Amino acid sequence: MHVSDALSKRRSTRAFLDTPIETARLTRLIAQASRAPSGGNLQPWHVHLLNGAAMTRFHATMAPRLDAGQTDPLEYPIYPPSLSEPYRTRRFAVGEQMYARLGIPRTDKAKRLEWFHRNWRFFDAPAGLFLFTDRMMGAAQWSDLGGFLQTLMLLLVEDGLASCPQEAWAMHHTAVTDFCDTPPDLMLFCGLAIGIPDPAHPLATFETERAPQTEWLTLHE
Ligand SMILES: Cc1cc2nc3c(=O)[nH]c(=O)nc-3n(C[C@H](O)[C@H](O)[C@H](O)COP(=O)(O)O)c2cc1C
């Protein structure tokens, strides 16, 4: 598979088959993803992979929190507090398009929330990981985490798997760090749901838009 094929096939997948994924397959792909570049070769990523029985145990620890509607104060802002244009419109558009596919109207806030909460079940993916970095790291190293994540997501596609990056886990960072038993100097960035996409789900063919190049490319020649 060419990189460009993997790139166009990758999409945030939010519905998976319950087919188990071998741990060795995942650790191989995660190891490969560490070929991602990072400033100064710091490799500021720390990954906790949950698979099989660990995923079942994790769901069990999350259940009381989710039932109680409990969330944590964010350790980092998922979005800037007041999102300006054109970002605000883009964010709104992707949400509307996704909920339209799911047949959940704007007025049905409860159903939308219920769907959003599926984030905290890894969208029922059989495997998932949490990506942490050292608290001392700054914006430059956080961008390295993005490079690592995209590299891994493309490798997953090449290997017949799909994924969804999930900052939503920032709303449950204490549950995640407790479960993973990470030292206090590690901070959670996001999760990644991993599995085989469910081809029968309404979102299976959902593709997001991209702004035209003229909106963000300035050419000097
Ligand atoms: C770092 C990161 C965090 C994300 N967090 C979430 C999330 O918590 N829940 C979710 O459903 N999608 C999440 N997404 C997926 C984005 O909504 C998605 O990438 C975007 O809409 C573009 O769609 P595509 O990935 O299918 O191309 C996240 C993406 C990134 C890169």
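Computed from a prediction, not measured in an experiment: that's the story for all the values here. Every number for a ligand or one of its atoms is a count from 1 in the order of the listing.
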Is any N or O atom of [X], backbone or side chain, closer than 3.5 Å to an N or O atom of ligand 1?
X    : value
L149 : no
S12  : yes
F123 : no

Check your understanding: When you look for heavy atoms under 4.0 Å from ligand 1, do you find them on the side chain of A168, its backbone, both, or neither?
Key -> both
Check your understanding: Who gets closest to atom 21 (O) of ligand 1 by heavy atom: L145, V94, L131?
Key -> V94
Mark up the atoms of ligand 1 that fall under 4.0 Å of a heavy atom belonging to [X], in ascending order.
X    : value
R14  : 10 (C), 11 (O), 12 (N), 15 (C), 16 (C), 17 (O)
R11  : 26 (O)
N119 : 7 (C), 8 (O), 9 (N), 10 (C), 11 (O)
F189 : 1 (C)

Review point. Between F189 and W169, is a ring-ring contact (aromatic ring centres under 6.0 Å, His included) present by the stated rule, with each step listed?
Key: CA-CA 8 Å; F189 168 35; W169 284 110; over 10 Å; no
Check your understanding: Is it true that R106 and E96 make a salt bridge, defined as a side-chain N closer than 4.0 Å to a carboxylate O?
Key -> yes
Practice item. Salt-bridge test for E158 and K9: reply yes if a basic N is under 4.0 Å from a carboxylate O, no otherwise. Key: no
Study note, to complete from the structure: Nearest non-hydrogen protein atom to atom 28 (C) of ligand 1, with distance, is P165 O, 3.3 Å
Practice item. Check the pair R65, D72 against salt bridge (Lys or Arg N to Asp or Glu O under 4.0 Å), reporting the backbone distance first and the verdict last. Key: CA-CA 10 Å; R65 283 177 73 92; D72 294 324; 2.9 Å; yes
**Study point:** Flag, side chain of D108 to backbone of K111, donor-acceptor distance under 3.5 Å
**Key:** yes
Check your understanding: Taking the six-membered ring of Y79 as reference, does the NZ or CZ atom of R91 fall below 6.0 Å from its centre and within a 45° cone about the axis?
Key -> yes
